Amino acid sequence: MRYFIYVWIGLAVFACLVAAPAMADDDVEDVSQLLKNKIDSVLTVLEAENMAEAEKKEKIMSMVEPLIDFELMARLTLGRAHWSSLSDEQQKRFIDLFVGRLKASYLDKTTFYSDQKVIYHPAVKRGGKIHVPMDVVTGEKTAEVLYKFYSAGEKWRIYDVEINGVSLIKSYRSQFNEILRNGTVKDLCDELKRSASE
Amino acid sequence: MIRNRGQIGICSAALFILLACGIVSTARAGPSFALMNDPEAAGGQTSSGTLDSEFDEFEGFDEFESEPAPPVFDPLVGYNRTMTRVNDRLYFWVLKPAAQAYGAVLPEFARQCFSRFFKNLGFPVRLVNTLFQVKLKGAGVETLRFGVNSTVGIVGFFDPAKKWMHLSPYEEDCGQTLGYYGLNGGFHLVLPFFGPSNLRDALGRVPEFFLDPVSYYIPGAFAVRVVNRTSLHIGEYESFRKDAMDMYILFRNAYKQNRKKKIEE
């Protein structure tokens with residue numbers, strides 16, 4: 001009889017261990033739902049008929065801005081080593097320029113296609129981050145898109161987006177590294193400014 | 001006594017199975033445990049107000065920090081940069097105008113049919129590579145797709161396998177198969193006309209050429225396929241290129257990331 005008690009205690013302890021990570025999955029559900037709602041409302045704005053292009057863009061940006069951490073993206077793109085070598089003023093200038101560029105590029109890409117259909121896949125937890133994968137279908141074309149969220153206190157916010165396996169942060173980062181290998185931060189900022197005004 | 005032992009045996013066996021399941025599930029749920037044990041990683045990002053030093057802002061984002069610290073081995077960088085520009089000019093001066101003219105003549109519906117037709121002919125490449133990667137389900141799906149689309153789908157002009165049976169193609173090529181067997185990409189290589197590649201994937205194009213009925217057996221079909229495809233994707237290259245600060249580096253990096261994902265799938 002005694003053995004049974006041990007076994008039952010063992011089982012109970014184990015059940016708790018197994019159940020604990022399962023309970024944390026609530027976050028995963030919440031984040032996917034949050035993103036889904038956001039994308040739905042962006043698509044609604046895109047499809048609105050009596051709205052000018054500029055107005056649409058403005059509206060979409062105001063909707064996604066709380067969800068996407070543009071400033072963090074800018075810092076991650078530069079990387080720890082480069083970032084900490086900048087003066088406060090340089091950091092500010094870099095963030096201004098790069099965030100502006102990211103936003104413009106995001107809007108450009110979002111408004112490029114008209115009728116999009118999104119197929120959501122189950123979100124997963126990866127090292128404390130939440131990844132939400134989806135297929136974005138436009139006509140016959142399908143792009144695999146992955147939104148990556150980190151926990152910013154109460155909220156979860158986006159810090160990177162992958163399209164067909166290509167991370168936005170990583171692809172900018174490789175270019176920044178190249179520019180900074182041969183040049184200075186000033187060159188980088190000039191380049192950001194130049195390409196933004198094109 | 002013996003009966004008792006038997007019960008203990010059954011119980012310990014049950015416990016063992018549970019333990020095994022538990023270990024598997026905790027291993028899968030590893031990240032969330034890591035987060036619990038690492039208050040710094042969680043706390044470092046909680047709110048920007050509590051950040052003391054710049055270092056903390058990068059805590060928890062090692063996926064980027066480990067990335068391209070050593071310079072990329074790129075012995076052909078001079079040639080590659082030149083060829084990237086050549087291909088870029090080729091696109092804007094030759095391919096795009098040709099595709100636009102072609103698109104003006106043929107309605108999109110017809111072009112989509114051709115696109116599906118060419119896709120169907122890519123079956124041998126996909127079948128061989130799913131087989132070599134022991135993706136038996138993929139090989140089965142590909143064979144079924146080819147059978148259905150070549151008959152019901154009228155020589156591949158339509159894709160009933162996807163539309164009605166929800167069977168999507170398995171995009172496997174020879175470069176991915178070599179990668180599957182552990183071969184690294186080698187250095188980056190920009191091919192004339194075909195664009196970004198690397199040593200491994202360029203080698204993979206050789207068997208693909210012979211497996212591909214369009215390039216090998218039907219003269220002229222290759223050019224039609226390229227123009228047809230381009231006509232359906234106008235604006236995509238432009239949009240991707242527009243974001244570049246250094247076009248060559250962007251293409252090289254994006255190619256690497258994209259191939260890595262495809263090989264892992």
Side-chain angles (χ1 to χ4, degrees), chain A residues 3-4 6-7 10-11 14-15 17-18 20-22 24-25 71-72 75-77 79-81 83-84 91 101 105 108-109 112 125-129 139-142 144 150-154 159-160 162 164-167 169-179 181 188 191-192 195 198, chain B residues 4 7-8 11-12 14-15 18-19 21-22 25-26 28-35 38 41-42 45-48 54-55 57-58 60-65 67-69 71-72 108 112 115-116 168 232-233 235-236 239 242-246 249-250 252-254 257-262 264:
Chain A
Y3 292 113
F4 275 105
Y6 289 143
V7 168
L11 287 179
F14 227 87
L17 280 179
V18 174
D25 283 356
E71 289 193 15
L72 175 67
R75 286 196 297 269
L76 289 175
T77 306
R80 180 183 283 165
W83 175 255
S84 49
Q91 288 182 348
R101 186 193 170 97
S105 160
D108 236 41
K109 299 257 179 303
F112 180 68
K125 242 187 164 141
R126 288 257 188 288
K129 312 285 193 294
E140 299 263 325
K141 291 163 243 171
T142 304
E144 287 176 43
Y150 78 102
S151 157
E154 316 266 279
Y159 69 95
D160 190 17
E162 281 181 19
N164 293 327
V166 181
S167 145
I169 303 282
K170 284 184 189 171
S171 63
Y172 266 116
R173 207 182 156 119
S174 64
Q175 298 174 74
F176 284 5
N177 276 332
E178 181 73 13
I179 292 169
R181 204 158 60 90
L188 180 65
E191 183 59 33
L192 275 170
S195 43
E198 259 175 17
Chain B
N4 232 337
Q7 284 171 338
I8 294 167
C11 287
S12 41
L15 192 61
L18 265 171
L19 253 168
C21 295
S25 70
T26 37
R28 282 208 194 122
S32 60
F33 275 99
L35 183 72
D38 192 359
Q45 322 156 358
T46 40
S47 80
S48 47
E54 289 150 359
F55 253 47
E57 299 175 52
F58 292 90
F61 291 99
D62 287 340
E63 60 183 296
F64 304 119
E65 288 302 323
E67 187 56 11
V72 181
E108 189 180 329
Q112 294 288 9
S115 164
R116 286 186 287 255
S168 293
L232 293 166
H233 294 264
E236 288 175 26
S239 152
K242 197 176 158 206
D243 274 346
M245 299 180 64
D246 182 327
I249 300 292
L250 172 65
R252 186 181 74 186
N253 182 268
Q257 288 193 54
N258 176 259
R259 293 299 288 178
K260 181 164 177 278
K261 178 184 158 76
K262 281 186 173 161
E264 281 166 3

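These values consider heavy atoms only, across backbone and side chains, with no hydrogens, waters or symmetry-generated copies. Numbers restart at 1 for each chain; the letters A, B, ... are given by sequence-line order, proteins then strands. Keep in mind that what you see is a predicted model, and the values were worked out from it rather than measured.
- Using a 4.5 Å cut-off between heavy atoms, A/S167 touches chain B through backbone and side chain atoms alike.
- Using a 4.5 Å cut-off between heavy atoms, B/R259 makes no contact with chain A at all.
- For the pair A/N164 and B/N258, the tightest heavy-atom approach, listed with the atom from each and the gap, is O-ND2, 2.9 Å.
- When the side chain to side chain contact (heavy atoms under 4.5 Å, CB included) test is applied to B/L250, the partners found at least two apart in sequence or on another chain are A/S171, A/Q175, B/F240, B/A244.
- Contacts of B/K261 classified as side chain to side chain contact (heavy atoms under 4.5 Å, CB included), with partners at least two apart in sequence or in another chain: A/E144, B/E265.
- Between chain A and the options B/I249, B/L232, B/D246, heavy-atom pairs under 4.5 Å are most frequent for B/I249.
- Of all non-hydrogen atoms in A/K129 and A/Y150, the two that sit nearest each other are CD-CB, 3.7 Å.
- With a threshold of 4.5 angstrom between heavy atoms, A/I179 approaches chain B through side-chain atoms but not through N, CA, C or O.
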